[in-house]
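To start, the structure under review is shown below, and the notes come after it.
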Amino acid sequence: MKFLRYLPLLVIAAALGAAVVRAEDDRSVSWSPIVYPEQRLPLVFSHRIHLAKGATCATCHPAATTSRSAVDNLIPTEAACRVCHPIDRAEPMKVVAGAPPAACVACHPGWTPDKPVERVYLTPPPLKFDHSAHAKAPCARCHGDMTKVDLATTRQLPTMSSCLSCHTDGGEERRCADCHVTRPGGQVETQFPHGALVPRSTGMGDAHGLGFAKDHTQEARQVGATCTACHDRSECLACHQGVVKPMEFHPGNYVLTHGVEAKRGTPDCSACHRAQSFCASCHERSGVGARVTSGFDATQPGRAFHPPGWATAGMGPNRHKDEARRNITSCASCHREEDCLTCHSNEPGKLRASPHPRGWRSSARCEALDRGNRRMCLRCHITQDELGCNWSAP
Amino acid sequence: MRRVVVAAIALAILPATPAHAYEFWLRAQSIGQAYQLRQYRLVGPDLFQGRRRYTQTIALRISDIGNLSATRRQQRIPDRGLRITWQSYLRIDHDFGQYTSGRITLSPAVRRDAIDVIPELADSAAGLDLLYGHVTLEGLADDRLTIQLGRVLADDGWGTSGLDGGTVRYELPIPLAVTASAGLRVRAASPLGLTAFELDGTSGAGCQEYVEGPAPGTGTWKLIDRNRRITGSKLASDFELCPQREVRQPSIGASIATARVRGFGAEVGYRRTWSETYGLIDGVDRLANPDLGLYPDDVGQAPASGVNEERLHARVHGELRRGALAISPYANARFSLLHAALDRADAGVRVRRGEHSVEPTVGYFLPTFDGDSIFNVFSIEPTADARLGYEYEGTLALRASGWLRRYLHADASPMSGGVEAGIEHPFGERWRARLDGLWDDGYGGRRIGGTGEVAWTPRASLWLRGRMIVLGVRREDRSDFVTSSAVVSSSLRIADAVALHLVASADRDEVHELQTRVFAIIDLAFAPEP
């Protein structure tokens, strides 16, 4: 019936899996509102009809083949429309039989003579883009099938995923600035009046979700991780080697509660802290260390820091051995190696309690350590006979 | 000789070309913190010691030194060709509170400066650290070669370390890139070195030095400016043999990784770090341990050098997309040649569909230490982890995760595990609320609690946040307690990229009653959160 213990976990996993399978949108192929800011297009226009009548893209967008900047306005002006549409501003309601619409309201819905035409607002994308360099590619490759589109919106502009379908190295950190505008210093500009640019899973799992600040291990570890395209490395070190407690990671009264996580060894404290300077100095200064005189006294009943039977000379429960095996780093947050050597040493006068695991002398680990660095062996074994993995205790 | 040097420098300066103003990015933060830490006493009320910390950080990037790419940049054309960049991050940290500058009563008659009794406090008392500082030459050899020189950060697949040296990355014609790095590992004793860059956390801060006697070889090893007596044997701990911790650690590394490949990445790498054995002073063996002729083939008493780390790492990830479904499997592993053991490994897969993602992961961890640490030969057992995470990123953001850790002990295998969940929701454009919950149990203790947070943006230049945290803790061998904390913080944008952050927090629990903490940050490169 041990299986039943894991039943709640399986139920949760199944529920989460079902939610994922039922989802429909793909954020990575959606259009960023920061790259393509909100537009206002109070127009009536049909690409579908114009293309069906034989117009080509360049008929109305001739500058698209020569443009080298994303800020260029490639939208046709009224003058371009007049080539086919007999527009006459003096006759706003003009209708010419057999000719394309010429009345103002045909394109500007709701227009009346007593108010100005509603303006079109197209904020240029904060991108570097060279249309001329892409002129050899068919327009539909990036803009889609316009024969089915009436009014073109940001939905007819390429997403980053579609760019990366050709530019296979575009997802690499050093290529980000090929398309994205940069700030002084060379990194991608992320702050704009209409919002902040954040990754949306177009790279490998790089979306900054709710738990990202607390756990971004895999994103940062990937080959070609793009973190530093936007973030300066100092931002990483501000938390990982920081002097201010990151509230996302160590919330609340962490000084008091950290013992639970430190004992478990998860998260790994040594990822950011050095046990015998950061941990040991604070423990000593707080009166819970191993060296400085404190109220703790293992020889006095009720005043020992560790429970009874923790470390006993000779036979006894020696409960500390289990804790040390599970997470010796937590021991090192108070104790130095010499504390261990009080008993675990083969020097004369010491208890000669072996700290080695079973089968040590015949293990590959012993051989490798002996071969790599004998300095550590010298801490305890100081005669020729004792050195090496073939030595056997008397 | 000095005159010649001065004349040479003068000649070099005189014909110098005018200084250019290059694009640069500077982030400077001035952080002041004031809070109290408790000094626990079993008899009588606890004492408080103040921490008064002032920290100044300066992160600097100067891009395109020499304006080699200015024309392309002005035309908004992707950068190509040689570009020279400088990046650095300097930190000054000083604690002038009682924590470091106070005194400790060792006995009724003996009071010593805390920093003498606890030499590790020196790390907190004052620090001038260059976390990194290097010049980067990129765009060489047809945009295939990148060189970094200075104090560089080397990524070895499982963590970043500092190296005083350089790295070279070259992209081969096939979609692979080779990276090589060499230099001296940054240690606490390195110039402007950072203690956290040491190989592991088990080396202490105390030092011994060899004080020569009237005749060469008659000197003794003595503690440096410490009012205490050595209790262990003389080579018992590198905590007391400071010179070994201060010797140079040459380090070399190499890796080969995929490049210019979409949807797949893999890397295999190697690093070796070693150090000479300290003990030869002016060519004479001055080791503290008696000369027993253990290493007749080596120089001096101990082996001439020892390996501090030697590791292989491999990582691979991929991404498969079909419509709205994206599956991203990954695996990472590290093998320590010094220990002949796999010391880290994990594997998982992130399955994302639209705004939902789920990620199961398994992991394995065997602690390994600097080659000079005796912990390497101890009977240390590995741990195995299993995790399951879920995230939803819609208007409402949601996360939930569960984890289990098993300690692979030979006699008994205790476990610990827990679940966490959080939800965040905006209310209009100015308000945002977040709730998080936590429960875990097993080895180490039990915790249950939650966090509530509200953020308000009353105007475009002011952010206010309030957070309340309640946590109940049951430790295996201690009494239960409940702790609650309140944090209020604000960020006021004074100018375009200048902000003042103020944070005040108060913690309350049955054991410690009330504790407070206040700190302020002047941020000279402020960028508001999205």
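Note on naming: letters A, B, ... go to the chains in the order of the sequence lines (proteins, then strands), and numbering restarts at 1 for each one.
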Please classify the contact of A:E323 with chain B as side chain, backbone, both or neither, using a heavy-atom distance under 4.5 Å. both

I'd like to check the disulfide bond (SG atoms under 2.5 Å apart) partners of A:C269; sequence neighbours left out, ordered by chain and number. none

Closest-packed option against chain A by number of heavy-atom pairs under 4.5 Å, given B:E424, B:Q49, B:R467: B:Q49

Under 4.5 Å from any heavy atom of chain A, what part of B:Y132 do you find: side chain, backbone, both or neither? side chain

Residue A:V244 versus chain B: region with a heavy atom under 4.5 Å: both

Of the backbone (N, CA, C, O) and the side chain (C-beta and beyond), which part of A:C179 lies under 4.5 Å from a heavy atom of chain B, both, or neither? neither

Checking A:F278 now: which residues fulfil ring-ring contact (aromatic ring centres under 6.0 Å, His included) with it, not counting sequence neighbours? A:H273

With a 4.5 angstrom heavy-atom cut-off, which part of A:I34 approaches chain B: side chain, backbone, both or neither? neither

Counting only non-hydrogen atoms closer than 4.5 Å, does A:D322 touch chain B with its backbone (N, CA, C, O), its side chain (CB onward), both, or neither? both

Is it the side chain or the backbone of A:R233 that comes within 4.5 Å of chain B heavy atoms, both, or neither? both

Side chain, backbone, both or neither: which part of A:K214 has an atom under 4.5 Å from a heavy atom of chain B? side chain

Does any backbone or side-chain atom of B:Y99 lie under 4.5 Å from a heavy atom of chain A? Answer side chain, backbone, both or neither. both

Okay, B:I423 and chain A: the region with an atom under 4.5 Å from a heavy atom over there is backbone

When the 4.5 angstrom heavy-atom criterion is applied to A:A238 and chain B, the contacting part is both

Assert top hit (heavy-atom pairs under 4.5 Å, partner chain A, pool B:E267, B:R315, B:E138, B:E310) equals B:R315

Counting heavy-atom pairs under 4.5 Å with chain A, the top scorer among B:R27, B:R53, B:Q87, B:R405 is B:R405

